[in-house]
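No experiment lies behind these values; they were computed from the predicted model shown.
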Amino acid sequence: MGRRLHGRGALFDTDPAGLAPRLVGLRPHAHRATPYEDPREPPLVVLSGARGLGKSAVLAELRDAYKGHTPVALIDCEHPEFAAPPSGRPAEAWSPVSQALLVVAEQLAVPVIGAGRIQFPRLMSGLVAVAAGGWGDADSERIRREVQRILLLNESGSWVTGFAGRWAGRVAAKVVAAATGTGPLLSAAVEATLESISDGFAGRRHQRASAWYRDYPNAGDNAQRGLILLSGHFRAGGTSREHAERHLVRALLADLTDAYTGVLPRMKRLGRPLVLLDNAQTAPGPGLVEAVLRDRSDGVADQVAFVAAVRGEGRPALRNAVRRALPEVARASDWAPDPGSASSRALLVSLPPLSPDDTLHIVGAVCSDTQVPPQLPHATHRLTGGNPLGIALVAESAAQNLPAAASLGELLTADLRLHPEHDGRPAYLELLDRLVPPDRLDELTVLAAAHDHDSACALSDALLPEDFGPADVRALQTRLLQEGLPAVPGRFVGDPFVRTLLLLRLHHRDADHGQWRKAHETLVDHYADPADEQVRYRLHHELALGTTESAVAYLRDTFTTLPTRGWLKALRFIASAPYFHAHDTDGRDFTGRDDRRAAVALGLTDADHEPPEGVDTTLHLRIRRLLHAVWQLTDPLTLPDEPVARRLRFELEQLSNLLPAGNALLWQASRDWPEDALAGRPLRIPDDEDGDHDEDGDGEA
């Protein structure tokens, strides 16, 4: 496995072989064959997951691992070259799929060890026919430029930068002359292309290629007519264009099959050609994936290894895909398609987050020349949830900003310089640019504080433009699911890392934190009904504003009335309120690094605090210290404080002595919670065999 990747051994291992060598038939970074897992038909592998989980990094590593050993092509379906036709080319003679096929074939054509350049006569002929459909009013120079690039797909010599190969140059001249003559433009261009293939190449393979379009529907055994029909279907758009594009994909695969049927030893190719599609949820990705799956389902075989990456899993074309988590395919995928379902020929593999050990190794590698606090790797894993991009950028910020930055919050707000020639910008902004839909960043920044649809609508009314209404809130919830972010009861943005970054942006949008305060004040009002069972939501947002009295009173007064497990969950949820740094009563920042929670938790402020009249002073102060300890220790933007963890243990022990009915649960929490906090884990609720880590404290939205 490449040195850049961690936690992806199930893909790249060689002994025993991981998924990639079993799919491609070659060991990574070596020209050594390995047995295919599925020799008759490979699955179309789809890597799924949210942004930042390393899908693009895996595809880049696959390209590097097999480049030069077998034909490899990698495209990013979100690249601008697939978004719109080049200048001067009409939309009816261009599509993202046709452009992708051209780019993929150009990369696959490059010679590899033991085999020469691959030629694509079928695809070349089809792409010329498609392009010719847009030459009605084109000048000869534009036609020459377009046709020369396409014709190079059939060039047998080495790649020529900036100039067409000798054969391509001659054919281009004929095509341009035919297309600018007095006869029918399309048929003349197609005829010139087919004649040039037949005249220039006497081999049986090229003769087969020149006749391939005879089988196009309604072509009547006439290749020229088949290409003209394909061009017409392409120009018609809609399902007709999809039909034509499917034949272009089939042409690419047929050309590749021809390249692997040579009988001479010097032409023997090891492994399968590899096509990598990044961001395949975006055109041209769906068109390419569906065309391959439908043809394989219809019995049109090929031996190309496709690996695509998509955000989320709910894609219609993958409805019946065989689904596996990455660790499950480490030794065998147990993939078997359903003959009646095209989408079952896809193998959908979800990429998991990285482990704490992976995080430790990444931080250590990036910060090899930097003195790192011992808690930083564990705290980084807690913050990011194992998100590879998050770990990498937090580690890079640590390498650039330690020891000046004293917390993860400061590492995120410190400037991060990713390229020597570019100025730095706060790390949290760099992360948000890559982890959330850029067209909805402002709306998500506000709605990240919400818990459900109703509270999101309340925030929308208070802080977003008037034209962003309830329907837009629902659409954004759907968009987050499509992006692969989890749905978590009680959180509008379910991913804790993404939510933390969005709330950090909300906090820093204005100098006086006005929008931050208004957002939380809006939610305090939204949950203002004291009889409402969701009162803990109001206390959560009061705490985010720095108001602790109501939370202390609630936890104090319910200590003996709530079931102990429910009380612990309420404490955990209320104390999950975000806290970035201290402010005065007007919202202005205190200077320095004043985090008052530790001082309160350690009892250093008890003497200055006057409990309300008529309450048990000892219990009141103990609950106050406990709340601040949990608040500080579970804050994803701070490093765990060992003295505070020890105090947390002591306070829970003392509370267990006061409540005989809940003694065992409180005592167990006194052991588990400090250990969890220092290890960077969510706080466990005692006797929670199902791993109940719901963040809202009661599972209600």
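With Leu383 as the fixed residue, the side-chain contact (heavy atoms from CB on, under 4.5 Å) test singles out one of Ile391, Thr500, Leu411: Thr500.
Residues passing the side chain to side chain donor-acceptor pair (under 3.5 Å) test with Glu396 are Gln400, sequence neighbours excluded. Under the rule for a salt bridge (charged side-chain N to carboxylate O under 4.0 Å, His left out), the partners of Arg505 that lie at least two apart in sequence or sit in another chain are Asp442. Every side chain to side chain contact (heavy atoms under 4.5 Å, CB included) that Ala325 has, sequence neighbours left out, goes to Pro327, Glu328, Ser350. Every residue meeting the salt bridge (charged side-chain N to carboxylate O under 4.0 Å, His left out) condition with Glu78, not counting sequence neighbours, appears here in chain and number order: Arg311. Partners of Arg597 under the salt bridge (charged side-chain N to carboxylate O under 4.0 Å, His left out) rule, at least two apart in sequence or in another chain, are Asp595, Asp635.
For the pair Leu53 and Arg8, the tightest heavy-atom approach, listed with the atom from each and the gap, is O-NH2, 2.9 Å.
For residues 366-395, there are no ring-ring contact (aromatic ring centres under 6.0 Å, His included) pairs, not counting sequence neighbours.
A parallel orientation is assigned to the rings of Phe573 and His540, their planes being inclined by less than 30° (bins at 30° and 60°). The aromatic rings of His513 and His507 sit parallel to each other, their planes meeting at less than 30°, with 60° as the upper class boundary.
Note on Glu675 versus Arg681: salt bridge recorded, some NZ/NE/NH1/NH2 to OD/OE distance being below 4.0 Å. The pair Asp495-Arg51 fails the salt-bridge criterion, with no side-chain N (NZ, NE, NH1 or NH2) lying under 4.0 Å from an Asp/Glu carboxylate O. For Arg479 and Asp439, the salt-bridge test passes: some basic side-chain N is under 4.0 Å from an acidic carboxylate O.
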